[in-house]
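Remarks on the structure that follows.
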Amino acid sequence: MKVANPLKTFAKEKVINYYEKAGLDYEEWDKDFNMHFGYFKWGINPFNLSAMLNQMNEEVFLRLKLSNYSNPTVLDLGCGLAATSRYMAKKNEKALLYGITITPWQIEFGTQLNKKAELHNRISIIKSDFANTPFANDSADSAFAIESSCYAKGDDKKDLIKETYRVLKPGGRFVLTDGFRKHNNPLPKWLDKIYRKNLEGWALNDLGEINLFIKAMEDVGFKNIKVEDISWKVAPSFMHIPRTVFKFFWKRFLKKEKTTLSKERRDNALGPLWGMLLGLSRKHFSYYIISAEK
Ligand SMILES: C[S@@+](CC[C@H](N)C(=O)[O-])C[C@H]1O[C@@H](n2cnc3c(N)ncnc32)[C@H](O)[C@@H]1O
């Protein structure tokens, strides 16, 4: 009889529990529920967080090169409330998108948001582990993962990379954005403390280590791998964190929610503050956009 690995189960349950409890609070970050950082480029007002969040969607969209396909099938791995899928469905009216998440609440609420946007015929959200999906071999034209690969197992996140490679058609593109460690050496004590707080805040086990991650991509067979360090492009959206955190706690205070606020919601609200400090430790951490081809 196969017995589930209790550690693995716990890690997944921790993630689900966190997103079930704190998920709706992401509205404080973005009313469209983009659950990621933004991308700044010249011409965008850095005070306009929503514009930068959508620019991140656009940067991923451009790198997927969906215009190369007539009816592209696209996987949104770790889709949250599928804000990026809705963005892409509007940009490419022929695209069929599948959002994948392990969090049941996100399927329910994300599907409502898709219906409201009248995109539910082209975006389906399904419950699955992105490292073990129900899709057939060579079945998707492209796949992307925005700030979700960090939840995959290990330093190299190989399970996720392998599964993505399996389901992509030959020539299919994979684009992901995330924060990574730049090495595997011990961190200075004070920084390690902040790092642990950040991991706890977002129910993470460990960020990926960029060199091991790229090596895993190569080993699995991905080619034309392009790694872009976009830490400075993401930085202006980090600057919105203190205001968002303040607004969040102020609203809870006015609603007298202070005593009932769960640990997950408190950690979620404070997590980005720790993340912001990590973002400043450029020797140890960076934020990347990575594109590759099967
Ligand atoms: C920070 S959110 C990012 C959501 C979305 N990509 C966005 O940018 O708005 C991380 C997402 O990864 C999902 N996730 C975490 N572990 C997962 C797993 N093993 N399989 C599928 N989804 C997972 C969570 O449920 C959540 O939806």
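In this chain, numbering begins with 1 at the start of the sequence shown. Every heavy atom of this structure was used, including side-chain atoms; hydrogens, water molecules and symmetry mates were not. Order of appearance sets the numbers: ligands from 1, and atoms from 1 within every ligand.
Each of the following atoms of ligand 1 lies closer than 4.0 Å to a heavy atom of Val15: 15 (C). Heavy-atom contacts of Ser148 reach the following atoms of ligand 1: 12 (O) (cutoff under 4.0 Å). Atom numbering of ligand 1 starts at 1 in the shown order; those under 4.0 Å from a heavy atom of Gly80 are 4 (C), 5 (C), 27 (O).
Annotation: atom 24 (C) of ligand 1 to nearest protein heavy atom, Tyr19 CE1, 3.7 Å. Nearest protein heavy-atom neighbour of atom 3 (C) of ligand 1: Ile146 O, 3.5 Å. The protein atom (non-hydrogen) at minimum distance from atom 19 (N) of ligand 1 is Asp129 OD1, 3.1 Å. The shortest contact between atom 16 (N) of ligand 1 and any protein heavy atom is with Tyr151 CB, 3.4 Å. With hydrogens left out, the protein atom closest to atom 11 (C) of ligand 1 is Gly78 O, 3.6 Å, a heavy atom. Nearest to atom 7 (C) of ligand 1 among the protein's heavy atoms is His36 ND1, 3.6 Å. For atom 9 (O) of ligand 1, the nearest non-hydrogen atom of the protein is Met35 N, 2.8 Å.
In terms of N/O distances under 3.5 Å, ligand 1 is not approached by Ala83. Considering both main-chain and side-chain atoms, Thr103 comes within under 3.5 Å of ligand 1 through a nitrogen or oxygen pair.
The backbone N or O of Gly208 sits nowhere less than 3.5 Å from a side-chain atom of Asp155 that would complete a donor-acceptor pair.
Classified by interplanar angle (parallel below 30°, tilted 30° to 60°, perpendicular above 60°), the ring pair Phe37/Tyr287 is perpendicular.
Closest approach of Gln106 and Tyr19 over heavy atoms only: NE2-CD2, 3.4 Å. Among all heavy-atom pairs drawn from Leu77 and Phe130, the shortest one is C-CD2, 4.1 Å.
Linking Ile, Leu, Val, Met, Phe, Trp and Tyr residues whenever their side-chain heavy atoms come within less than 4.5 Å leaves Tyr18 and Ile107 in two separate clusters.
Contacts between Thr101 and ligand 1 below 4.0 angstrom, taking non-hydrogen atoms only, involve backbone and side chain alike. If you look at Cys79 next to ligand 1, the close heavy atoms, those under 4.0 Å, all belong to the backbone. Of the heavy atoms in Ser128, only backbone atoms (N, CA, C, O) come closer than 4.0 Å to ligand 1. Proximity of Gln106 to ligand 1, defined as any heavy-atom pair under 4.0 Å, is confined to the side chain (atoms from C-beta onward).
Counting heavy atoms only, Phe130 comes closest to atom 17 (C) of ligand 1 of the residues Trp202, Phe37, Phe130, Phe144. Considering each of Ile102, Leu77, Asn34, the one bringing a non-hydrogen atom nearest atom 22 (N) of ligand 1 is Ile102.
Side-chain contact of Asn92 with Tyr87: a donor-acceptor pair under 3.5 Å is absent, judged by distance alone. For the 3.5 Å distance criterion, the side chains of Glu59 and Gln55 qualify, holding a donor opposite an acceptor. Side-chain atoms of Asn54 and Asn57 include a donor-acceptor pair closer than 3.5 Å. Using modelled atom types and a 3.5 Å distance limit, the side chains of Glu163 and Thr133 yield a donor-acceptor pair. Between the side chains of Asn211 and Glu209, a donor-acceptor pair is found at a separation under 3.5 Å.
Within a 6.0 Å sphere centred on OH of Tyr98, other residues, nucleotides and ligands contribute 12 heavy atoms or fewer.
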